[in-house]
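Structure, as structure tokens:
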Amino acid sequence: MELDEALMKLGKFGKWQMQMWIIICISFNWTYAWHFFAIVFIGEIPNEFYCKFNDTVQSLNDTIPRVDLGDGLSGWAQCEKFIYPGDYTDRNTTQCDNGYSYNKPREELETMVTEWDLVCDREIMITNVHTVFVVGLMLGGIVFTALSDKLGRKPIHVFCHFLTGAAGISSAVVPDYYIFMGLSFVRGFALQGIMLTGVVVAAELFPSVMRLKMATCVQFFWGTGLMGLALWAYFLPNWRTMLIGISIPSFFALVLICIIPESMVWLISTDKPEKAERILRRASLTNNIDDMPAQILTPRRGSGTGSTGGVSNGSLPGKKGSIASGGSSLKFTDLFKTNKMRTITIVTILYWFFTNVTYFGVSLGTGALEGDSYVNFAINGAVEIPAAIICLFVLPRFGRTRPLLVFHSICGAALIAQAFTPKFVDNGDGTRTDLGPLLLTFYFIAKFAISGCYLITLFFTPELFPTALRNLCLGLASTSGIIGATVAPYISYLEPIAVWLPYTVFGALSICGGILVQLLPESINLPLPETIEDVEAFPRRPSRPSKVLKDDVSTFLHDKYGADSNLKNPNENVTNGVPKSDSQPYMSTGQSNPAYDSYYDDKL
């Protein structure tokens with residue numbers, strides 16, 4: 001049998017698959033979330049700080065000028081002091097030249113900001129650390145993608161865990177900012193290897209009909225990882241101790257060598273089917289499957305390769321959608337040769353940039369919110385979970401583009417509302433109403449919505465590109481997204497120009513992203529395209545998102561497969577509910593075909 005059939009025989013939610021899936025998802029989601037967003041806490045700027053003054057000066061009034069903070073509030077200037085303290089005839093000021101004093105919310109709190117005085121004109125050095133970290137992510141994606149294809153997923157996954165842990169602990173003990181920045185690059189570089197290999201191995205534990213559901217559920221681990229980081233920061237308030245805390249678990253990766261399996265798809269593609277068989281045999285014992293054949297996997301014939309789902313990758317012989325007809329010879333320039341393909345490519349790259357700027361701009365901004373920073377960040381992670389649950393039900397019924405428009409519109413509206421809502425409202429009787437809770441509500445609504453967008457985008461993008469160019473296009477989109485994640489923190493520096501400007505920019509980009517994605521074809525219920533001709537044959541948009549119009553799909557399938565697409569026998573070319581004739585099964589076209597309808601009910 002094919003790998004996909006073997007995985008189906010093990011059970012959609014077999015005990016072995018679920019155990020491995022949980023371990024792997026914790027391994028890459030929690031580690032990635034902790035290290036990526038650690039900057040929120042180790043780079044946290046206290047709300048109140050001012051220039052240090054000499055011990056002979058008895059009061060702040062003698063040394064620090066008062067400034068207007070907006071909303072009718074005043075406070076001590078943070079980045080300047082009087083040139084002549086105590087001289088009330090000369091009120092000229094100068095920059096701080098003797099360090100800063102910080103009013104910390106917790107006495108034991110120590111961040112790299114308070115240790116290295118990264119405030120005022122040095123504040124941008126915090127964002128520069130994040131930028132170097134993200135550049136490491138980008139280069140790590142390039143290097144470890146190639147290495148994992150050559151050496152396997154598991155060894156790269158374990159090695160990157162060790163490298164992340166070593167770089168994290170080294171970062172916690174170095175005395176110099178610039179050495180810390182260099183080690184941040186190493187952390188990002190290794191972290192991307194953990195994420196890439198973890199995602200692949202986790203997805204390939206299940207038959208293809210289950211991967212959409214299971215990939216959506218991965219978001220639960222991401223959300224709990226973010227909430228866990230808030231606990232690390234609360235119980236380890238010293239930034240160096242916290243870095244050690246989130247880095248030590250990576251050394252438990254040694255245990256993963258004995259627990260998690262190698263990617264069976266990779267083993268088969270590198271002519272090591274006997275190792276894949278051993279993994280399947282061990283899984284069948286755990287799942288109490290007693291009727292596995294003596295030889296589980298069908299020997300590969302000729303040069304055909306197995307698809308990611310284990311189903312034969314060859315299309316119907318001689319049809320236009322066949323890889324053999326020239327799909328595998330596609331080049332980068334082919335992305336821009338036809339109008340639809342060119343539009344999809346450009347829109348996807350721009351869309352990933354807009355979405356990532358908004359997502360990371362919002363996610364990294366919890367430190368500037370009113371209230372407890374630990375609670376705020378925990379809620380920031382918790383809202384990822386309901387977004388994933390909603391996507392589980394929305395995607396199969398309403399497609400991709402329309403939910404994206406709704407999510408982006410909600411996010412944009414919430415962010416713009418937050419930008420123009422004041423912190424206080426004067427009641428006219430000398431009292432004021434604190435609107436902080438309302439601002440927090442707008443923020444968390446925005447984070448919930450952009451989290452839904454981010455999750456849908458991960459599914460939607462691969463559905464738009466032909467097989468031979470899919471990985472390349474995902475790489476282009478990911479690079480655009482990383483650039484967006486790099487740009488996002490710098491937008492906060494627009495606040496001195498106008499306090500409402502950063503969130504307005506984020507909100508406007510979100511709305512633009514929702515409108516822009518409407519230029520893309522809807523991919524719900526359609527097989528993945530194998531050639532550019534398949535992409536060109538996409539129906540523009542079904543009138544009912546929950547059911548693609550029969551005429552549109554019939555035309556698409558006829559163009560791709562010819563008359564053979566009209567299968568009337570429910571059992572024809574179907575094994576265990578999985579169509580055998582193509583790596584991407586047919587879409588039901590409204591004919592009486594319960595085998596295909598059942599297949600797609602499970603798939604979606």
Side-chain angles (χ1 to χ4, degrees), residues 1-10 14 16-17 20-21 24 141-160 193 196-208 211 256-286 289 292-317 322-330 462 466-472 474-475 528 530 575-576 578-585:
M1 65 181 74
E2 299 285 353
L3 177 58
D4 216 48
E5 296 176 72
L7 292 172
M8 184 72 77
K9 193 172 182 62
L10 288 175
W16 178 82
Q17 292 102 305
M20 296 300 104
W21 182 73
I24 294 168
I142 297 171
V143 171
F144 290 118
T145 296
L147 286 178
S148 65
D149 286 341
K150 184 176 182 180
L151 303 176
R153 293 11 173 175
K154 184 164 80 168
I156 296 301
H157 187 79
V158 173
F159 170 76
C160 287
L196 291 173
T197 53
V199 167
V200 171
V201 175
E204 291 173 353
L205 292 170
F206 299 93
S208 56
R211 286 178 189 160
L256 298 179
I257 297 176
C258 306
I259 297 178
I260 66 173
E262 179 56 271
S263 162
M264 287 179 280
V265 173
W266 180 83
L267 290 172
I268 294 172
S269 68
T270 54
D271 295 323
K272 300 174 183 176
E274 69 284 351
K275 294 185 177 181
E277 287 237 6
R278 285 201 294 269
I279 294 172
L280 289 169
R281 193 75 60 189
R282 187 171 76 240
S284 66
L285 292 175
T286 304
I289 306 296
M292 279 289 189
Q295 183 173 0
I296 300 175
L297 297 175
T298 303
R300 300 171 65 199
R301 296 182 297 273
S303 59
T305 59
S307 70
T308 57
V311 183
S312 172
N313 217 14
S315 296
L316 294 176
S322 173
I323 293 293
S325 68
S328 61
S329 62
L330 293 176
T467 302
L469 293 172
R470 191 167 294 128
N471 284 343
L472 172 63
L474 282 172
L528 292 180
E530 296 178 11
T575 300
N576 292 333
V578 182
K580 298 194 319 187
S581 57
D582 187 64
S583 61
Q584 298 302 331

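Reckoned from all heavy atoms, side chains included, excluding hydrogens, waters and symmetry mates.
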Checklist entry - Do the rings of W21 and F206 sit parallel, tilted or perpendicular, given the 30° and 60° boundaries? => result perpendicular

Rounded to the nearest 0.5 Å, the CD atom of E274 sits from the CD1 atom of I268 at a distance of 10.5 Å

Decide yes or no for F144 and D149: does some side-chain heavy atom of the first lie under 4.5 Å from some side-chain heavy atom of the second?
no

CG (L147) and CZ (R153) are apart, to the nearest 0.5 Å, by 11.5 Å

Value for OG (S263) from CG (L205), rounded to nearest 0.5 Å, stands at 9.0 Å

What one should report as the nearest heavy-atom pair of W266 and K150 is CZ2-O, 3.6 Å

So do I260 and V201 actually touch side chain to side chain, heavy atoms under 4.5 Å? no

d(T197 OG1, L151 CG) to nearest 0.5 Å is 12.0 Å

Got I279 and L267 here, is their nearest side-chain heavy-atom distance under 4.5 Å?
-> yes

Handout entry: E262 side chain near P155 side chain, heavy-atom distance below 4.5 Å
Key = yes

- Item | Under 3.5 Å donor-acceptor, S148 side chain and T145 backbone | yes

- prompt: Can you check whether P207 reaches E5 side chain to side chain, under 4.5 Å on heavy atoms?
  reply: no

